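To start, the structure itself, in structure tokens.
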Amino acid sequence: MSRFASSGPSQRQLRVSEQVRHAVAQVLQRGEVRDPTLENAVVAISEVRMSPDLKIATCFVSPVGATDTDGVISALNKSAKFIRGRAAPYLKQMKYMPEFRFRIDTSFDNYAKIDALLRKPEVTRDLQNDDDDDGGEPNPGDVPGHDGND
């Protein structure tokens, strides 16, 4: 097994991805991108994932107040080089400016599905404690190292 086959991103990737997220958010917040699709939408950048060589930054965005999320993503991808140029002053310490790619963030939808599943009556019934009738006292046989004989 090689030393580069890790289960997750390195500390460097995490640090740089957070810096890139702040830089892109600054550019979008200032309204420097002149696109009619983006002017009417608020774009929240929830996460940025960097490639291992730090040359590609995949930005996961959530358009707030936009009816056409695919249009917002395509407008951001069309403006990616412009955004890259405007974010460069915020990322002076980087040797190479990463290429920006924008994707829709579906994690909030996944969280909502999981929350809806956990709130179903069948699941809440299964999660309730069945030993409610004895006042919360554990049975002597349930306590490890206790045989019930005092």
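If you're wondering where the values come from, they're calculated on a predicted model, not measured in any experiment.
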Path from V48 to L54 over hydrophobic side-chain contacts below 4.5 Å
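Yes, because V48 and L54 connect within a single hydrophobic cluster, where side-chain heavy atoms sit under 4.5 Å apart.
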Find the distance between [atom1] ([X]) and [atom2] ([Y]) and round it off to the nearest 0.5 Å.
| X | Y | atom1 | atom2 | value |
| --- | --- | --- | --- | --- |
| S17 | H22 | OG | NE2 | 9.5 Å |
| R84 | E99 | CZ | CD | 7.0 Å |
| R86 | S79 | CZ | OG | 12.0 Å |
| R119 | L117 | CZ | CG | 11.5 Å |
| I56 | R101 | CD1 | CZ | 4.0 Å |
| F102 | L28 | CZ | CG | 6.0 Å |

With a cutoff of under 4.5 Å between side-chain heavy atoms, which Ile, Leu, Val, Met, Phe, Trp and Tyr residues group with L14?
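Other cluster members: none.
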Output yes when a side-chain donor or acceptor of [X] lies under 3.5 Å from a complementary backbone atom of [Y], and no otherwise.
| X | Y | answer |
| --- | --- | --- |
| R12 | P9 | no |
| T37 | G71 | no |
| D105 | F60 | no |

Would you list the atom pairs, donor with acceptor, under 3.5 Å between side chains in residues 88-98 and any protein atom, with sequence neighbours excluded?
{"unit_1": "Y90", "atom_1": "OH", "unit_2": "R30", "atom_2": "NE", "d": "3.0"}
{"unit_1": "Y90", "atom_1": "OH", "unit_2": "R30", "atom_2": "NH2", "d": "3.3"}
{"unit_1": "Q93", "atom_1": "NE2", "unit_2": "Q19", "atom_2": "OE1", "d": "2.7"}

Compare every heavy atom of Q13 with every heavy atom of M50, then report the nearest pair and how far apart it is.
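Nearest heavy atoms, M50 then Q13: O-NE2, 3.0 Å.
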Shortest non-hydrogen separation from A80 to F100 and the atoms involved
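Shortest heavy-atom contact: CB-O, 3.6 Å.
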Any chance you could lay out the side-chain contact (heavy atoms from CB on, under 4.5 Å) test for V43 and V72, step after step, and finish with the verdict?
CA-CA 9 Å; V43 179; V72 170; 4.0 Å; yes
Who are the side-chain contact (heavy atoms from CB on, under 4.5 Å) partners of T69, not counting sequence neighbours?
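Result, side-chain contact (heavy atoms from CB on, under 4.5 Å) vs T69: P63, I104.
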Run R103 and N77 through side-chain contact (heavy atoms from CB on, under 4.5 Å) and show every step you take.
CA-CA 9 Å; R103 304 284 182 262; N77 281 319; 4.2 Å; yes
